[in-house]
Amino acid sequence: MERPLILGIETSCDETAAAVVAAGARRLSSVVLSQVPVHRLYGGIVPELASREHLRGIVPIVRQALERAEIALEAVDAVAVTRGPGLAGALLVGLTYAKALALAAGKPLIGVHHLAGHIHAVLLDRRERGEGEPPWPAVALVVSGGHTALFLVARRAPAAGGFAYQLLGQTRDDAAGEAGDKVAKLLGLGYPGGPLIDRLAEHGKERAVAFTRPKFKGPNDLDFSFSGLKTAVLRYTQTHPLAAGIAARRQLTANGAKPPLEELRAACDAAALDLIASFQYAVARELSEKTVAAAERYGAASILLAGGVAANRRLRRELAAVAAARGWAVMAPPIALCTDNAAMIAAAAMPQWEAGDFAAWDLAASPQLPLAAREAAPPA
Ligand code: KG4
Ligand code: ZN
């Protein structure tokens, strides 16, 4: 079997996940326990409940990951764990358990950045499909419930960690996924809203409502903003006859209920579906155009798309189209590797293993850990 075998553990948000990955190139197992049913009742993630659920889930989920990979803990070469960013209490559960396992089994511990994990999900998927590395450097759009950021990713020598990241732009307010979840909530669709918007939008006209786009001048013009869009949707619902539909959908989704999609769709009139489609299109267009602008400006050879919102079908289509028009291919993993999982953490740990970048036993959770700093833009 290819080595090293890395056990990955991820508990940064609302998924308790464990996976075994061989040489950053093949999943032997990947188990994800979603806490969505717990948080749905509150219409969003409750940090205290997230910690409690991770505590409940972490032992059986790691055991399942080892069982499905058909290996004993003693056979893994390292334990990798998300050290940040994320919810402090949630991170702590995974980190503490990973340390205990590594210490007990005499294995090295590797602390992984959550966003590096999302980016490495793209590379893991390509290796699994025998497609090799993307051409470097790459621009990576990482877009999730907690993050919306553009990175320039360059290759380095293995001893230097294999990869170098540079921050090109990030959201100044809401993450794209967060904006989607909030818009879904205000339209009475329930939680989490992203996947529901994805499904419902296909029944609406995406050019029905034109939203103004945020514009940033100066060195950080690749930044994003989604809170204005969210407010525009709110204002639209207040100035158009949408209130009855919202009330009806709120009834359907009250107390954490999850009605079948068809029932939810039937509770949306054409105006609501148009609004949903127009919102989704505005997000997809904004993300796609800035990503391709970044690729152009920084001379990227490829574009990577990662994170939970990368599961959005309209975003995938829009980015692929905008990128193709200017000569780039977009590499995005399948949905199971887009949303939070531990295989991406085990894969991102591979270059750290090669560089001997192991964590000390006092490794702490870093809720705000940046992946990379901004550097001066290249001359135009
Ligand atoms: O990466 P992820 O699993 O967790 C974080 O690190 O945040 O991303 C979760 C986010 C949520 O906001 C969820 O609504 C969004 O990704 N999401 C989607 C879709 N699937 C998940 N948003 C739009 N379309 C989807 N298909
Ligand atoms: Zn994530």
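Just so we're clear, the structure is a prediction, and the values are computed from it rather than from any experiment. All ligand and atom numbering here is 1-based and tracks the order in the structure.
Judged purely by atom type and a 3.5 angstrom limit, Asn341 uses its side chain to pair as donor or acceptor with the backbone of Thr339. Here the side chain of Thr11 pairs a donor or acceptor atom with the backbone of Ala90 at under 3.5 angstrom. A donor-acceptor pair under 3.5 Å links the side-chain atoms of Arg127 to the main chain of Gly24, judged by distance alone. Of the possible polar contacts, none joining the Lys107 side chain to the Leu101 backbone as a donor-acceptor pair under 3.5 Å is found.
When only non-hydrogen protein atoms are considered, atom 3 (O) of ligand 1 lies nearest to Asp340 N, 3.0 Å. Annotation: atom 10 (C) of ligand 1 to nearest protein heavy atom, Gly145 N, 3.4 Å. The protein non-hydrogen atom at the shortest distance from atom 24 (N) of ligand 1 is Asn312 ND2, 3.0 Å. Regarding atom 21 (C) of ligand 1, its nearest protein heavy-atom neighbour is Gly308 O, 3.4 Å. Nearest protein heavy-atom contact of atom 22 (N) of ligand 1 is Gly194 CA, 3.4 Å.
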Margin query: Test side-chain contact (heavy atoms from CB on, under 4.5 Å) on Glu202 and Arg314; report intermediate values, then the result.
Written below: CA-CA 9 Å; Glu202 61 188 74; Arg314 188 65 187 92; over 6 Å; no

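If you take CZ on Arg235 and NE2 on His240, they are separated by 12.5 Å, rounding to the nearest 0.5 Å. From Met331, atom CE reaches atom CZ of Arg126 across 4.0 Å, with rounding to the nearest 0.5 Å.
Counting atoms of ligand 1 from 1 in the listed order, those under 4.0 Å from a heavy atom of Ala311 are 20 (N), 26 (N). In the vicinity of Gly177, heavy-atom distances shorter than 4.0 Å reach the ligand 1 atoms 12 (O). Which parts of ligand 1 touch Gly146 is read off a 4.0 Å heavy-atom cut-off, strictly below it: atoms 7 (O). Residue contact check: His118 has heavy atoms under 4.0 Å from atoms 1 (O), 6 (O) of ligand 1.
Within the 4.0 Å heavy-atom shell around ligand 1 one does not find Cys13. At least one heavy atom of His114 sits under 4.0 Å from some atom of ligand 1. Using a 4.0 angstrom heavy-atom cutoff, Val309 counts as in contact with ligand 1. Within the 4.0 Å heavy-atom cutoff, Arg199 does not count among the residues contacting ligand 1. The closest approach between Pro195 and ligand 1 falls below 4.0 Å for a heavy atom of the residue.
Residue side and main chain included, His147 places no N/O/S atom under 2.8 Å of the Zn ion (ligand 2).
At most 12 non-hydrogen atoms from other residues, nucleotides or ligands lie less than 6.0 angstrom from OH of Tyr42. In this structure, Gln238 places its CD atom where more than 12 heavy-atom neighbours from other residues, nucleotides or ligands lie under 6.0 Å away. For Lys185, the NZ atom is loosely surrounded, since the number of other residues' heavy atoms within 6.0 Å does not exceed 12.
Nearest to atom 26 (N) of ligand 1 by heavy-atom distance, out of Val36, Asp14, Asp198, Val142, is Asp198.
The distance between the ring centers of Tyr165 and His113 does not fall below 6.0 angstrom.
Within His114, the N/O/S atom positioned nearest the Zn ion (ligand 2) carries the name NE2. Sorting the N, O or S atoms of Asp340 by how far they are from the Zn ion (ligand 2) puts OD1 first.
For ligand 1, the polar-atom distance check against Gly307 finds no nitrogen or oxygen pair separated by under 3.5 Å. Taking distance alone, with nitrogen or oxygen atoms compared against 3.5 Å, Gly193 stays at or beyond that limit from ligand 1.
Under 4.0 angstrom from ligand 1, the non-hydrogen atoms of Asp181 all belong to its side chain.
There is no path of hydrophobic side-chain contacts, each under 4.5 Å, that joins Leu369 to Val143.
Remark: Arg172 is not positioned above the aromatic ring of Phe224, lacking an NZ or CZ atom under 6.0 angstrom from the ring centre and at most 45 degrees off the axis.
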